[in-house]
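Side chains included, hydrogens not; waters and symmetry mates left out as well; all remaining heavy atoms used. Note that the structure is a prediction, hence the values are computed from the model and not measured.
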Amino acid sequence: MQSQVVGEVKWAKNKFHSIGYNEEELSIFAKSEIQGVHAFQQSHRAYTKTPLHQLKHLAEHLQVADIRVKDESYRFGLNAFKVMGGIYAIGKYVAQQLGERVEDLSFEALQSPRVKDRLGEITFISATDGNHGRGIAWAARELGQRSVIYMPKGSSRQRLMAIQNEGADADITEFNYDETVRMCADLAEKNGWVMVQDTAWEGYDEIPLWIMQGYASMAKEIEEQLLVSGGNPPTHVFLQAGVGSFAAAIAGYLVYAYRDNPPVILIAEPDQADCYYRSFATEDGGREVVSGEMNTIMAGLACGEPNTRAFRLLSGCAIGAFSCPDFISALGMRVYGNPLGSDPRVISGESGAVTLGLLYYLRKRSADPKLCRELSLDTSSRILLISTEGDTDPQQYQQIVWEGHYPAYT
């Protein structure tokens, strides 16, 4: 019997994509802006550049010119990229309270006893699926401050324990992600705590912007690593989106950096939390919200309300969004974990691997080959992927990669 693909990958073209530039939005992510951000992040003793792997044999197998993957499982020993936003946002907030510029300070300077003596104890609060909260807890602890972290209903107990091990007061709520965010915002206002969230709403935009600028440092590293290796700029960038802060930060930097020939920006989301897909599918391109429990293995992307700033930026930069069943992510995890030839092995978690799973699906299994032509995804394409996390839930990673949970075909 011929095998059949499980589920359906849905595609929505963004009718409002523009080849023009919104200078006000994009200039926030210009290299001149991100250099200071990156310098502060690099001042921490644990900083290292994460690798940018070239998957030559996989590129040949998928009949594209090049595949590069940024492996964020090595970031600060925390197994995920999120700390890049948290370390900068918390550092900048503390610097502002001191009346100083974070660009003029090192992380070590903010760890000095004089800072705690002047400011006292600051409590940072955040909602998270795991990776963001762990990064906030780590950064707060490193600065001798307190953190309170809440996770949405159904979150992994292993991810909760990882956050608690960073010194946070952490627990799992009975709410979905977006409701947990609102709960944390209420607690912050009531108790005088500092909300550190990578999603923005009316009246709360500054700290989310700092977090996004922290994420953009990864794109700066990629640009520099391509120059050193002699690699050409990407023609296509696949970016996973929850609220969209990560995707918008990377897209903003790369589109601005390669403005004379910008890459095609493609968004991938879980089909249970596909707010960008639904937004792009509307006639007016309005910001759509997904509600409910959003049950998906891609916990880091299970967010139903787009970040307002990220949505504005991606509405201009991204040509469209894919709504992906869980098997797409599981497929990507297995492909990363079982490399061809001399390609490096990448340990990629559920939210990290969906973009590779999608690329594989489009090149090998899609029932609509015309879509690749529409996306100019062909033998001349140079693909950039970012594996945003490692095996942050080791038990589920083994169930998927070893035991074959969430199969692609029946």
Side-chain angles (χ1 to χ4, degrees), residues 36-47 75-78 80-151 160 162-173 180-201 203-215 217 243 245 307:
V37 176
H38 201 204
F40 175 75
Q41 294 164 330
Q42 289 174 296
S43 73
H44 192 281
R45 63 190 180 279
Y47 167 85
R75 186 66 70 181
F76 283 105
L78 295 175
F81 81 99
K82 287 279 191 176
V83 67
M84 291 292 276
I87 189 175
Y88 179 67
I90 288 179
K92 189 168 177 85
Y93 177 85
V94 172
Q96 277 198 352
Q97 299 307 111
L98 294 169
E100 301 183 41
R101 284 171 20 102
V102 71
E103 292 81 4
D104 299 330
L105 299 169
S106 66
F107 198 89
E108 185 178 7
L110 294 182
Q111 290 176 307
S112 69
R114 76 172 181 91
V115 173
K116 191 72 174 286
D117 290 343
R118 282 183 59 183
L119 301 183
E121 184 177 72
I122 303 170
T123 297
F124 297 97
I125 184 170
S126 188
T128 183
D129 65 276
N131 295 336
H132 171 70
R134 188 179 180 190
I136 296 300
W138 176 87
R141 189 204 66 227
E142 287 282 291
L143 292 174
Q145 302 294 352
R146 178 173 178 255
S147 63
V148 176
I149 308 295
Y150 285 103
M151 305 179 71
L160 172 64
I163 294 170
Q164 291 171 334
N165 289 340
E166 300 295 344
D169 295 327
D171 206 351
I172 297 174
T173 72
T180 303
V181 170
R182 284 188 278 274
M183 184 192 83
C184 289
D186 290 342
L187 287 171
E189 184 175 1
K190 177 182 176 181
N191 296 304
W193 297 343
V194 180
M195 182 81 169
V196 185
Q197 205 66 42
D198 69 349
T199 189
W201 56 86
Y204 183 74
D205 185 67
E206 190 173 49
I207 288 177
L209 172 59
W210 298 344
I211 292 173
M212 291 172 69
Q213 289 180 310
Y215 295 161
S217 290
V243 298
S245 298
N307 174 332

Peer 1: How would you list, by chain and number, every residue that makes a salt bridge (charged side-chain N to carboxylate O under 4.0 Å, His left out) with Asp186, sequence neighbours excluded?
Peer 2: none
Peer 1: With sequence neighbours excluded, tell me which residues meet salt bridge (charged side-chain N to carboxylate O under 4.0 Å, His left out) with Glu206.
Peer 2: none
Peer 1: Got a second to check how far Met212's CE is from Ser217's OG, nearest 0.5 Å?
Peer 2: 13.0 Å
Peer 1: Mark yes or no for whether Tyr93, through its side chain, and Val194, through its backbone, hold a donor-acceptor pair below 3.5 Å.
Peer 2: no
Peer 1: Taking all heavy atoms of Ile136 and all of Phe124, pick out the closest pair and write down the distance.
Peer 2: CG2-CB, 4.3 Å
Peer 1: In terms of heavy-atom contacts, does CD of Glu121 have more than 12 from other residues, nucleotides or ligands at under 6.0 Å?
Peer 2: yes
Peer 1: Once you round to the nearest 0.5 Å, how far does NZ of Lys92 lie from CG of Leu110?
Peer 2: 12.0 Å
Peer 1: Minimum heavy-atom separation for Ala168 and Ile149, please, with both atom names.
Peer 2: CB-CG1, 3.8 Å
Peer 1: So, for Ile90 and Ala140, which heavy atoms are closest and what is the spacing to 0.1 Å?
Peer 2: CD1-N, 4.1 Å
Peer 1: Might you work through the side chain to side chain contact (heavy atoms under 4.5 Å, CB included) test for Val181 and Cys184, ending with a clear yes or no?
Peer 2: CA-CA 5 Å; Val181 170; Cys184 289; 5.8 Å; no
Peer 1: What pairs meet the side-chain hydrogen bond (donor to acceptor under 3.5 Å, both in side chains) rule with one or both residues in residues 131-140, with sequence neighbours excluded?
Peer 2: Ser126-His132, Asn131-Glu389, Arg134-Glu166
Peer 1: Does Gln197 reach the main-chain N or O of Ala127 with its side chain, forming a donor-acceptor pair under 3.5 Å?
Peer 2: yes
Peer 1: Could you label the plane-to-plane angle of the Phe40 and Phe107 rings as parallel, tilted or perpendicular, counting under 30° as parallel and over 60° as perpendicular?
Peer 2: tilted
Peer 1: Work out which heavy atom in Asp129 is nearest to a heavy atom in Met151; give both atom names and the distance.
Peer 2: O-CE, 3.0 Å
Peer 1: Where is the tightest heavy-atom contact between Ala95 and Leu105, given as atom of each residue plus distance?
Peer 2: CB-CD1, 3.8 Å
Peer 1: Evaluate the side chain to side chain contact (heavy atoms under 4.5 Å, CB included) criterion for residues His44 and Glu142: first the C-alpha distance (whole Å), next the side-chain angles of each, then the deciding distance (0.1 Å), finally the verdict.
Peer 2: CA-CA 10 Å; His44 192 281; Glu142 287 282 291; 2.7 Å; yes
Peer 1: Listed by chain and number, what are the side-chain contact (heavy atoms from CB on, under 4.5 Å) partners of Asp205, not counting sequence neighbours?
Peer 2: Ala200, Arg309
Peer 1: Enter the distance from Asp104:CG to Leu98:CG here, rounded to the nearest 0.5 Å.
Peer 2: 12.0 Å
Peer 1: Run the side chain to side chain contact (heavy atoms under 4.5 Å, CB included) check on Phe76 and Tyr47 step by step: do they pass?
Peer 2: CA-CA 6 Å; Phe76 283 105; Tyr47 167 85; 4.0 Å; yes
Peer 1: I need the Leu143 CG to Ile122 CD1 distance, nearest 0.5 Å.
Peer 2: 8.5 Å
Peer 1: Give me the atom names and distance for the closest heavy-atom approach of Asn307 to Ser245.
Peer 2: ND2-OG, 2.9 Å
Peer 1: Under 3.5 Å, which donor-acceptor pairs link side chains of residues 80-88 to any protein atom two or more places apart or in another chain?
Peer 2:
residue, atom, partner, partner atom, Å
Lys82, NZ, Asp198, OD2, 2.9
Tyr88, OH, Glu103, OE2, 3.4

Peer 1: Just one of Asp171, Ile172, Thr128 clears the side-chain contact (heavy atoms from CB on, under 4.5 Å) bar with Tyr150, so which one?
Peer 2: Asp171
Peer 1: My understanding is that only residues two or more places apart in sequence, or in another chain, count here; which of them pass salt bridge (charged side-chain N to carboxylate O under 4.0 Å, His left out) with Asp169?
Peer 2: Arg146
Peer 1: Is a side-chain donor or acceptor of Lys116 paired with a backbone partner of Gly144 at a separation under 3.5 angstrom?
Peer 2: yes
